[in-house]
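Letters A, B, ... mirror the listed sequences (proteins, then strands); counts begin at 1.
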There are 2 protein chains.
Amino acid sequence: MRAAGRVMDKSSNNTGEEEAEAGRPTLKTLAFMTGLGVTTVSRALKDAPEIGAETRKRVQLVARQIGYRPNRAGVRLRTGKTNVISVVLNTTEQIGGFLSDFIYGISERLAATPYHLVVAPYSHNNDPMEPIRYVVETGSADGIIISRTEPNDPRVRYLTERGFPFAAHGRTAMGIEHAYHDFDNETFARLAVRRLAELGRRRLALLAPPPALTYHQHMRGGFLDELDRHGQSEAPFSSVSSDNIIDDIRRHTIELMRRTGRPDGIICGAGGPAFALIAGIEAAGFKLGRDVDLVAKEPFNLLQLVRPEIHVVEEDFRLAGRDLATAVLSSIDDRSAAPMQRLVVPAEVIAPR
Amino acid sequence: MRAAGRVMDKSSNNTGEEEAEAGRPTLKTLAFMTGLGVTTVSRALKDAPEIGAETRKRVQLVARQIGYRPNRAGVRLRTGKTNVISVVLNTTEQIGGFLSDFIYGISERLAATPYHLVVAPYSHNNDPMEPIRYVVETGSADGIIISRTEPNDPRVRYLTERGFPFAAHGRTAMGIEHAYHDFDNETFARLAVRRLAELGRRRLALLAPPPALTYHQHMRGGFLDELDRHGQSEAPFSSVSSDNIIDDIRRHTIELMRRTGRPDGIICGAGGPAFALIAGIEAAGFKLGRDVDLVAKEPFNLLQLVRPEIHVVEEDFRLAGRDLATAVLSSIDDRSAAPMQRLVVPAEVIAPR
DNA sequence: GCAATATACTGAAACGTTACAGATTCTCCA
DNA sequence: TGGAGAATCTGTAACGTTTCAGTATATTGC
């Protein structure tokens with residue numbers, strides 16, 4: 001009864017507006033259809049307490065029926081909320097790219113939310129800060145995911161100073177508590193060294209990530225310390241990093257294997273470059289599993305498939321993506337909440353099959 | 001003189017507005033600073049002819065100085081223009097993912113434009129039409145890039161009917177002229193068969209993409225026809241496609257190699273799955289290059305690195321990304337222009353090194 | 001029976017932009 | 001000299017949303 005009365009009132013009030021009934025439904029359309037004011041509709045849709053229960057249901061029903069979807073630009077203009085997560089990526093990123101799974105992981109987490117994922121690239125010759133500044137200055141996202149984290153990362157400092165929600169793939173070492181997801185590369189290195197020790201390998205080389213990245217330290221730290229415990233020695237291999245292009249790695253590996261102090265065990269801190277390592281080892285005339293053992297990260301389950309004689313540790317980038325998305329979302333939700341920090345500790349080295 | 005006079009006028013006119021001087025500069029800020037109206041500023045920035053040359057320069061100078069950047073939400077709300085390209089991806093996509101390069105290619109092309117790239121995922125169990133409908137209905141992008149194109153693709157029909165700019169990775173066969181970038185998989189298959197014929201291989205198997213996808217037809221077409229020309233026969237291998245998970249492919253390959261009519265040549269229509277093929281061949285006790293030859297796509301230059309005895313054809317996904325981005329942009333720019341259609345024809349099969 | 005208060009709704013304004021429909025000044029020609 | 005027309009600028013409205021400051025009606029307390 002009440003409802004009906006109001007409907008009559010309002011519809012006659014609103015008829016001046018000449019509803020075209022074309023295009024996407026907006027709040028105005030809903031207001032017209034329900035006979036309510038735009039404000040009421042807006043509030044009813046977000047379950048505001050000052051709207052009658054019946055009205056709320058009615059509005060929501062109609063909205064669902066006609067497939068109302070809030071206009072993102074409208075919301076964004078009014079509130080500043082973009083419903084966007086920006087993932088900043090280095091386009092000169094490594095071989096073969098773990099990136100697919102990373103992106104899929106993020107998407108997966110975002111799928112059930114109103115958030116969109118935008119990919120903001122930067123190339124090696126640009127300033128990594130540039131896309132970050134852009135996002136913050138133009139407010140083009142509600143949160144940022146960064147990767148290739150450094151111990152003293154200007155992006156982390158910048159974002160923290162401004163209180164802008166973000167999560168990093170990798171840790172820092174600058175006394176700032178921030179959200180991150182990281183793979184425990186120290187443990188990875190330890191496990192790898194230990195395995196090679198078990199196999200009787202005495203002289204090990206490590207293909208590490210570039211020194212600037214935090215996980216270089218972690219990996220080398222674990223490597224060196226564990227080397228010490230087992231009385232093994234290092235075959236220096238720092239002329240190249242897992243960031244180099246395939247051919248560089250292959251060439252340097254050949255050179256490494258031909259040195260006097262060549263290693264009998266190699267550890268590779270990434271997936272793709274392991275292929276180049278293998279190629280180099282074999283090109284130098286050595287045989288995997290006999291002359292030298294290799295422990296590598298296995299990001300796509302392809303490595304051990306073609307070279308069953310290598311030892312692998314699995315790293316899950318899809319999980320990293322999901323985790324980081326979750327972390328940013330909760331940062332956005334409550335900026336003062338404790339940042340999500342997850343360290344994934346590898347449990348085992350998978351032996352050759 | 002003139003300019004100065006106007007500045008005085010306008011600034012006194014505008015002083016009612018109490019410029020806070022905080023936050024991002026907007027047109028209003030610029031208007032205040034230059035002493036012009038916001039309309040004039042807006043037009044000056046986009047080089048409208050009805051604005052005096054001097055004014056235009058002045059406005060643009062000030063804009064550059066204070067780092068003015070148009071508010072995307074404002075533009076989008078007013079004009080409907082989003083400056084967004086949406087790339088719709090299947091998150092259950094294949095092994096190892098060529099996706100990184102694809103995305104990087106798109107980003108690369110978009111970098112110098114005002115466009116952002118948003119990734120819209122769908123999983124195997126969802127309707128592939130869903131993200132497409134979402135984008136079109138909510139107008140959340142100016143253009144779409146789709147992949148995994150089918151001969152009679154409902155997405156292509158839908159987008160064409162609505163005149164929505166898009167480009168497809170792959171062709172269709174439905175009498176619709178649309179923008180695409182495609183790798184010539186027919187030629188790929190022909191080259192592969194020819195190479196295997198040269199090697200004396202008589203009985204060939206093809207690991208094709210799923211039958212639903214257009215390039216399945218192309219690849220199989222070229223394969224069968226060329227098979228005929230050389231008087232070779234086919235070893236049926238349709239129980240599995242290059243979309244299957246690694247382990248399925250490996251198992252089916254073992255089974256294939258143990259059959260009576262086992263192949264002495266195999267062609268693999270994708271990069272990742274080749275690893276599984278190799279594993280299967282070897283698990284069945286055969287040797288690559290001796291018992292059987294393999295021709296595969298090489299998307300990341302990793303395959304031949306660890307298995308120098310295989311023959312590869314390079315497919316460049318970064319180029320595909322760049323191309324598709326270019327195609328959508330030009331579609332957006334002029335909807336009636338002839339759609340960009342590019343077929344990349346592979347020239348050679350790279351022999352083992 | 002009347003004020004105070006709670007309940008359920010409302011219009012107007014604002015976010016930043018562009019399109020529309022003028023307004024003002026200047027130039028040039030009859 | 002006067003008026004048409006070009007050149008250059010202007011304010012207002014609108015896109016769809018949320019917030020602010022109400023208004024009207026119903027309910028309560030005394």
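- At C/dT10, one or more side-chain N or O atoms of A/Thr40 fall inside 4.0 Å of OP1 or OP2 (strictly under the cut-off).
- Proximity of the aromatic rings of B/Phe166 and B/His178 is defined here by a centroid distance below 6.0 angstrom, and this criterion is met.
- Side chain of B/Thr34 to main chain of B/Leu30: a donor-acceptor pair is present (N/O by atom type, distance under 3.5 Å, no hydrogens or angles).
- The interatomic distance linking B/Leu77 (CG) with C/dG16 (P) rounds to 12 Å, in whole Å.
- Regarding contacts with the backbone of C/dT17, every side-chain N or O of B/Ser42 stays at 4.0 angstrom or more from both OP1 and OP2.
- Computed from coordinates, the B/Arg72 CZ to C/dC15 P distance equals 21 Å when rounded to whole Å.
- For the pair B/Leu36 CG and D/dG11 P, the interatomic distance rounds to 10 Å; values are reported in whole Å.
- Here B/Lys28 does not reach the OP1 or OP2 of C/dG16: none of its side-chain N or O atoms lies under 4.0 Å away.
- Distances were taken from every side-chain heavy atom of A/Thr39 (C-beta onward) to each of C/dG16, C/dT10, C/dA14; the shortest belongs to C/dT10.
- For the pair A/Arg76 CZ and C/dT17 C1', the computed distance is 13 Å after rounding to whole Å.
- Protein atom CZ of B/Arg58 is 14 Å distant from nucleotide atom P of D/dT8, rounded to whole Å.
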Ignoring hydrogens and angles, write down the donor-acceptor pairs under 3.5 Å from the side chains of residues 129-139 of chain A, residues two or more places apart or on other chains.
residue: A/Tyr134; atom: OH; partner: B/His116; partner atom: NE2; Å: 3.1
residue: A/Thr138; atom: OG1; partner: A/Tyr134; partner atom: O; Å: 2.7
residue: A/Thr138; atom: OG1; partner: A/Ser140; partner atom: OG; Å: 3.4

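- For B/Val41 and B/Gly74, each mapped to the nucleotide of DNA chain D holding its nearest heavy atom, the one lying further toward the 5' end belongs to B/Val41.
- Rounded to an integer number of Å, the gap from NZ of A/Lys81 to C1' of D/dG16 is 18 Å.
- Checked against D/dT8, D/dG16, D/dA14, the side chain of B/Glu50 finds its nearest nucleotide in D/dT8.
- The nearest whole Å value for the distance from the CZ atom in B/Arg56 to the P atom in D/dA7 is 12 Å.
- Residue B/Ile51 is in sugar-phosphate contact alone, with no base atom involved, counting any heavy-atom pair closer than 4.0 Å across all strands shown.
- A donor and an acceptor atom, one from each side chain of A/Thr326 and A/Arg109, are located under 3.5 Å apart.
- With no hydrogens or angles considered, no side-chain donor-acceptor pair links B/Thr172 and B/Asp153 at under 3.5 Å.
- In this structure, a donor-acceptor pair under 3.5 Å is absent between the side chains of B/Ser331 and B/Asp333.
- Here D/dG16 presents its P atom at 18 Å from CG of A/Asn83, a figure rounded to the nearest Å.
- Ring-plane geometry between B/Phe102 and B/His169 is classed as parallel, the angle between the planes falling under 30 degrees on a 0 to 90 degree scale with a further cut at 60.
- Summary for the helix from C/dG1-D/dC30 to C/dA30-D/dT1: the axes at its two ends, each from 5 pairs, differ by 60° when rounded to the nearest 10 degrees.
- Between the side chain of A/Arg43 and the base of C/dT10, at least one donor-acceptor pair of N or O atoms lies under 3.5 Å.
- One cannot find a donor-acceptor pair under 3.5 Å joining the base of C/dA8 and the side-chain atoms of A/Thr55.
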